[in-house]
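Numbering starts at 1 and runs along the sequence shown. Keep in mind the model is a prediction, meaning the values are calculated, not measured.
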Amino acid sequence: MPEVLFAAENLSLSIGRQVLYDQTEFSISAGEKVALVGRNGCGKSTLLDLISGREQPGEDSRLTRMRNLRCAELPQDFELDESRTVAENVRDGVSYLCSQLEKYEHLPANSPEHTELEHFLTLHDAWVPEVKLASTLDKLHLSGISDKLCGQLSGGEKRRVALARAVISEPDLLLLDEPTNHLDVATIEWIEEFLKSASLTALLVTHDRYFLDRIATRIVELDHGKFYSYPGSYACFLAAKADRELKEDIFEAKRQHFLRSEIEWVRRSPKARLKRNMGRMKRFEEISAIAKPLRDSEMELLIPSPPRLGNKTVELKNISKSFAGVPVIKDFSFEFAPGARIGVVGRNGVGKSTLVNIITGKLSADSGSCEVAPTVQFNIIDQIRTVLDGEKSVAEEISEGLEHVYLGTEKVTVWTYLKRFLFEDERIRTRIKYLSGGEKARLALAKVLKRGGNFLILDEPTNDLDLSSLRLLEEALASYPGCVLLVSHDRYFLNRVCTGVLSFDGGGEIFYTPGDYDYAVEKRKERENARLEAEVPVKKPVTVPEPEKKDKPRKLTWKEQRELEGMEEAILAAEAAVAELEAIFSSPDFYARYGSQSGELQGKLERAKEEVARLYSRWEELSEI
C-alpha cells in the first residue's frame, strides 16, 4: 500500500463570501501523478499553498502530512535571480541536501541520527552535490547554457531552469502550477518524457489536455468546494463527470417530486401537527434542507458576425526575412482562403511572431510581398495579459469611456457584456492587477472579441483558461466564418480548431499541411526521415557471393496493394470518427443530451481508438513488405 504523503479531511476554507472548500477530502499517495482541474479561481493554487504550509485551513479541518514531508514547487509565476547564472540558480535547489551533508559531517559516527542521515544521503545520491548538479543540468538539457546569465534566457529556457531547481532536491512531492504555459511543443513533449520517466510524486495544476492525458495517473476536479476523483484519461473524466451530474439531476428531480407531493399536506393538513406525524414532518424537513446540485454558469463567448470577406484575403508571395544574417523566413508563399483557420507551430524564437508582424504590417519583409485585400479587418490578441492596463478596473478596460458595447448590430451595456464572461458585480469594479490569471485571460478575450473584425490573429489564447472556457472558445472559433490565424502550443486545441497548420522547421523553412495538428506532426516526421536518409553517405556496393539458394522476397498481392493505397484515407476517416466522439464528450451540454448514453459512447470511443491503432499497425506491416 503506497504511503499517503498528504491528506485533508473535513477541509473547509472561505475567502470573503467565496467558499473554496466545503467539508471535503483530498489525499495524494507516493508514486501518484495527480492532475488537479477546475474553474479559474476555484482554489487550485490555494491547495498547493495548503500543502506547502503557506496557507492555513478553516476550523475543524484536519491536515495530515508525512513526517518531514519535503515539497518543491514550480509556481505559475516563478522567479529567478537574473543576475546569476543558470547553474547558480539551480544550485539553490540542492541547498537542503548540502545542509544535511554538512550536518552529517559534524555528527558523532555512533549517533542514531548519523546513521539515519547516511541512509538519506545515499538514497538521494547527495554525497557530491556538484556531481548531482551536473547530472540534473544534463537531464534538462541545460549543460550547454549553465554559465549563461538567466536574464539572457528565453521564457522556455527559464522555465526549464526553474523546473531543474525544483527537481534537483528529489522532493517527496513536486507541485507544478501550469508547467506548460509559454512553452513550445518540443519543450512540452520533452518535459512530458522527463516526468513520465522520473520516479517522483507530483500534483499538477494544468489545463493542457494532452499533457494531462500523458502524465496523470488520476484526475481530481475541484467543483463548488468538493473534490471528485476520476481514474483514467481526459475523455474518461468527461464521461464520468457527466454520469455523476446525471445521477445528481435524477436525485434532484425525485426530491422535487417528493417535496411537491408533501408541501400541501405540510401547509394545510391539521394532522401534520399531530405527534404521530412528527416523523413524517422530520423527513420532509430533512429532504427540503438538502441543497440542489450547483452548476457553473457557462461563459457566453460572443464573436460578432464579421464583415464580409471577398475571394481574396491575405497573400504572401516569396517573402524572406533575416535577423543578423540568420534567416527566419525563407522564400515563403501562402494564400489564406476565406474561412480558413490556420495554426502556427514551432519552437520559441523560430519566427512565428515575425510572420504575424509581416502579415499585419508591423514589420517589412526583406524580399517578397504581403498583399492584404481591402475587405480584411484584422483583430489581434497577443499573449493575453499584455493588452491589459493593470491600474484600470475591469469595467474601465472594456468600456473605453462608453456605456455600451456594440456586437455587430446588437447593443448591450458594459455590465451585461462582462457578465457574459462570468464577471460578477464585485469583480467588474476590481482593478485588473488584482485579478487571477484566468480572469485576466477571460477579460482579454472579452476586450478583443468586442472589436469584431473578419481576420482574427490569436497568440497563445489558451494560457490560463480553464477547461470549460477552452471548450467554448474552441466551439466559437470552429463556427467563426472569418479567417483565423492561431499561434498556439496547445495540441488538443489545435486539433479541434484548425483546418491547416503552418510548421516552422527552423532555418527559415515553413511547411503547410492541410488538416489538424496530429497530421502535421506525421508529415514533419516524414520530412525529417527523408532528410536523415539523404544525409547518409552512399557506400559503394560490396560484391558478396550469392548463396546457392535464395528465397525471393514476397511482394504485395493485388488486393494488398489496393489496401495499402487506401490506407491513408482509411486512417484519416478513423481518426475523424475518434475526433467526432471526443467532441461529443467535450460539449458543455453533454450530460443533458447524451447522459443516458455515456457508457455506450465511451465504448464506441474505445473501439474507434483501437481501430486507428489497428490501421496504423496494418499500414506499417504492408509498407515493410
Give a yes or no on whether a salt bridge exists between [X] and [Y], defined as a side-chain N under 4.0 angstrom from a carboxylate O.
X    : Y    : value
D223 : R244 : yes
E221 : K226 : no
E252 : R255 : yes
D208 : R491 : yes

Consider only side-chain N and O atoms of [X] and [Y], and report whether a donor and an acceptor are under 3.5 Å apart.
X    : Y    : result
D213 : Y492 : no
N10  : D60  : no
T24  : D22  : no

For a 4.5 angstrom cut-off between non-hydrogen side-chain atoms, does [X] reach [Y]?
X    : Y    : answer
R471 : L238 : yes
F227 : Y21  : yes
E178 : T206 : yes
L204 : L212 : no
T201 : D172 : no
R427 : V394 : no

By the definition side-chain contact (heavy atoms from CB on, under 4.5 Å), identify the one residue from V86, N89, V90 that meets it with L80.
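Of the listed options, the one satisfying the test is N89.
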Roughly how far, to the nearest 0.5 Å, is the CZ atom of R496 from the CG atom of L473?
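The distance works out to 10.5 Å.
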For F120, ring pair (Phe, Tyr, Trp, His ring centres under 6.0 Å) partners two or more places apart:
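Residues passing ring pair (Phe, Tyr, Trp, His ring centres under 6.0 Å) with F120: H124.
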Between F26 and F6, how do the two ring planes meet: parallel, tilted or perpendicular, split at 30° and 60°?
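Rings of F26 and F6: tilted, as their planes differ by 30° to 60°.
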Taking R218 for the side chain and S229 for the main chain, is one N or O donor matched with an acceptor at less than 3.5 Å?
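No: the side chain of R218 does not pair with the backbone of S229.
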Please name all residues satisfying salt bridge (Lys or Arg N to Asp or Glu O under 4.0 Å) with K247, sequence neighbours left out, ordered by chain then number.
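Result, salt bridge (Lys or Arg N to Asp or Glu O under 4.0 Å) vs K247: D243.
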Sequence-distant partners of R159, side-chain hydrogen bond (donor to acceptor under 3.5 Å, both in side chains), two or more places apart
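Counting only residues at least two positions away or on another chain, R159 forms no side-chain hydrogen bond (donor to acceptor under 3.5 Å, both in side chains).
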